[in-house]
Amino acid sequence: MSRPISIPHHMLPADGRFGAGPSKVREDQVGALARQGRNLLGTSHRQAPVKDLVGRIRTGLADFLQIPDGYEILLGLGGATTFWDAAAFGLVKEHAQHATFGEFGAKFAAVTDRAPFLSPSTIHSSEAGTRAEVVAEDGVDVYAWPHNETSTGVMAPVKRPDGVDRAEVGTDGALILVDATSAAGGASVDLSETDVYYFSPQKNFASDGGLWLGAFSPAAIERIEQLGNSGRWIPDSLALTAAVENSRKNQTLNTPGLAGLVMLEDQVRWLNEQGGMAWAAARTKQSSDLVYSWAQASAYATPFVTRPEDRSTVVATVDFDDAVDAAAIAATLRAHGVVDVEPYRKLGRNQLRIATFTAVEPDDVAALLACIDLIAEQL
Ligand SMILES: *Cc1c(COP(=O)(O)O)cnc(C)c1O
């Protein structure tokens, strides 16, 4: 870079946070923190005020996700990564099958594959930017894939695979586990196609990390009870039986971060007030469509995900021609307070990754794209 590029202030997005998690927190959520500062922060999580807060999160999420009868919202500490370990202990009986098409899906597959008390997992994987699928297989008791692969910007349908019947209580059927960490809160889903739809709060729910939440089917809860009482050694902090027991009392096994719960509750309420899942999905589609149509029309940028039906509505990835250095664009944006559009580090591409989560204003996405054009012309 010869001379630093300057972006006129009026062109900049009103909010410059486009990261894929931690992601933009709305000002009202921070306001909620200030409002709850005296009466809730710094008080016991075993008393009514915090338990009621957790209760509002659980019922708010049940509304938002339109959970089928009998499904329950459970939560625990540690985020989606910790949930993978908990799931290997408490949901996989013997043999898991995974579809992996990026870092996050692959990480969960590695957990079940290496667990010494399970048989090696079946793993269907595909190149970054494309999508693999699970297929019906005898002996598999858990099928798993991410709804949205945050590392590549590929989105997958949430649908029970052909030949895999719905798991009913008492029938020992295979469970469907969907990693919705970056999809939930910003994408539509029919939860009856899943048994566990789990996520962390720092993506579309615009809160802090450190927590996992999920909608669990009756069959999933039955499996948790079965494995919890099977004699398998399960560390206490990863025991899903404890998550069931505590969540039903609007608690967690050990102490949660209260600030994250306050911001999460505010976001869930906001999402429901705005129009719920359909509204959120339409808004992220509007924002991501701006990115993809801009990239398609651009002389130097192209959507990374070639199949339009695989393109994520919540995390848009764009490749740049060799002549345009995406890292230099990201650095210039960062110098102007527009941050976290760098690609997933291990992907190693000349790329930008733009989270179009529900909290992000579509107008800010449009402003970001104009800024990228301005920088690219001057590089
Ligand atoms: C961010 C992310 C994770 C990891 O979440 P943590 O809360 O950091 O454990 C897992 N899966 C997907 C799809 C993600 O986007």
Side-chain angles (χ1 to χ4, degrees), residues 18 20 97-109 122-136 143-164 176-184 186-190 193-194 197 203-204 277 280-322 324 326 341-358 360 362 365 369 372:
F18 296 97
Q97 186 191 114
H98 298 256
T100 76
F101 36 95
E103 280 295 309
F104 291 106
K107 282 181 180 170
F108 184 26
T122 304
I123 301 171
H124 300 289
S125 51
S126 70
E127 290 290 305
T130 67
R131 180 167 64 76
E133 288 181 2
V134 297
V135 291
Y143 293 89
W145 68 93
H147 187 175
N148 185 70
E149 179 46 76
T150 319
S151 64
T152 62
V154 168
M155 209 164 209
V158 177
K159 210 174 168 318
R160 238 166 254 280
D162 289 343
V164 178
I176 308 291
L177 271 55
V178 173
D179 179 354
T181 301
S182 58
S188 291
V189 64
D190 173 1
E193 297 288 334
T194 74
Y197 189 74
K203 318 250 170 157
N204 283 289
M277 190 158 69
R283 180 164 153 108
T284 59
K285 179 158 194 322
Q286 183 191 350
S287 288
S288 55
D289 279 351
L290 287 173
V291 178
Y292 295 127
S293 42
W294 163 83
Q296 257 160 341
S298 166
Y300 56 83
T302 36
F304 170 49
V305 178
T306 42
R307 291 197 339 160
E309 62 271 34
D310 292 345
R311 287 179 193 153
S312 168
T313 55
V314 286
V315 175
T317 45
V318 176
D319 271 357
F320 285 75
D321 282 357
D322 289 345
V324 177
V341 295
E342 290 84 2
Y344 189 75
R345 56 201 142 71
K346 287 190 206 151
L347 214 52
R349 299 185 71 87
N350 189 30
Q351 182 178 96
L352 294 182
R353 177 177 65 160
I354 301 165
T356 51
F357 290 153
T358 316
V360 172
V365 174
L369 299 172
I372 293 172

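These numbers come from a predicted model, not from an experiment.
Shown here are the side-chain hydrogen bond (donor to acceptor under 3.5 Å, both in side chains) partners of Tyr143, two or more places apart in sequence or in another chain: there are none. Tyr344 meets the ring-ring contact (aromatic ring centres under 6.0 Å, His included) test with Phe104; sequence neighbours excluded. Residues satisfying the salt bridge (charged side-chain N to carboxylate O under 4.0 Å, His left out) test with Glu127, not counting sequence neighbours, are none. Listed by chain and residue number, nothing satisfies the side chain to side chain contact (heavy atoms under 4.5 Å, CB included) test with Ser293 (two or more places apart in sequence, or in another chain). Under the rule for a salt bridge (charged side-chain N to carboxylate O under 4.0 Å, His left out), the partners of Asp319 that lie at least two apart in sequence or sit in another chain are Arg349. By the salt bridge (charged side-chain N to carboxylate O under 4.0 Å, His left out) test, Glu133 is found to be paired with Arg131, residues two or more places apart in sequence or in another chain being considered. With sequence neighbours left out, Ser287 forms a side-chain hydrogen bond (donor to acceptor under 3.5 Å, both in side chains) with no residue at all. Residues forming a side chain to side chain contact (heavy atoms under 4.5 Å, CB included) with Ala282 (at least two apart in sequence, or on another chain): none. With sequence neighbours excluded, no residue forms a side-chain hydrogen bond (donor to acceptor under 3.5 Å, both in side chains) with Arg311. For the side chain to side chain contact (heavy atoms under 4.5 Å, CB included) test, residues two or more places apart in sequence or in another chain that qualify with Asp289 are Lys285. Ala106 is linked by a side chain to side chain contact (heavy atoms under 4.5 Å, CB included) to Thr100, counting only residues two or more places apart in sequence or in another chain.
In terms of heavy atoms, Thr358 sits closest to Arg283 at O-NE, 2.7 Å. For Arg353 against Ala20, the heavy-atom pair with the smallest separation is CZ-CB, 3.8 Å. Contact between Pro146 and Gly105 at its shortest, heavy atoms only, is CG-CA, 4.0 Å. Taking each heavy atom of Ala316 and Val291 in turn, the nearest pair found is CB-CG1, 3.8 Å. Phe357 approaches Val315 most closely through the heavy-atom pair CE2-CG2, 4.0 Å. The heavy-atom pair separating Asn204 from Ala183 by the smallest distance is ND2-O, 3.5 Å.
Sequence neighbours left out, the pairs with a member in residues 294-304 that pass side-chain hydrogen bond (donor to acceptor under 3.5 Å, both in side chains) are Trp294-Asp373, Tyr300-Asp373.
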Taking it one step at a time, do Met155 and Val314 satisfy side-chain contact (heavy atoms from CB on, under 4.5 Å)? CA-CA 9 Å; Met155 209 164 209; Val314 286; 4.0 Å; yes
Dump the intermediate steps for side-chain contact (heavy atoms from CB on, under 4.5 Å) on Phe320 and Ile372, then the final yes or no. CA-CA 11 Å; Phe320 285 75; Ile372 293 172; 4.1 Å; yes
Test side-chain contact (heavy atoms from CB on, under 4.5 Å) on Val189 and Tyr197; report intermediate values, then the result. CA-CA 9 Å; Val189 64; Tyr197 189 74; 3.7 Å; yes
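A side-chain donor-acceptor contact under 3.5 Å links Tyr292 to the backbone of Ser312. Judged purely by atom type and a 3.5 angstrom limit, Thr150 has no side-chain atom pairing as donor or acceptor with the backbone of Ser182. Side-chain atoms of Gln97 come within 3.5 Å of backbone N or O of Val135 as a donor-acceptor pair. With Thr284 contributing its side chain and Gly186 its backbone, the two residues share a donor-acceptor pair below 3.5 Å. Put simply, the side chain of Ser125 never gets that close to the backbone of Ala132: no donor and acceptor are under 3.5 Å apart. Judged by distance alone, with hydrogens and angles left aside, the side-chain atoms of Asn350 form a donor-acceptor pair with the main-chain N or O of Val324 at under 3.5 Å. Using a distance-only test at 3.5 Å, with no hydrogens or angles considered, a donor-acceptor pair links the side chain of Thr317 to the main chain of Thr152.
The shortest side-chain heavy-atom distance between Trp145 and Ile176 falls under the 4.5 Å cut-off.
Only one option out of Leu347, Val318, Leu352 pairs with Phe304 in a side chain to side chain contact (heavy atoms under 4.5 Å, CB included); it is Leu347.
One finds the CD atom of Glu149 at 10.0 Å from the OG1 atom of Thr181 (value rounded to the nearest 0.5 Å). Here NZ of Lys107 is found 14.5 Å from NE2 of His98. Values are rounded to the nearest 0.5 Å. The structure places CG of Asp190 at 8.0 Å from CE of Met277, a figure rounded to the nearest 0.5 Å.
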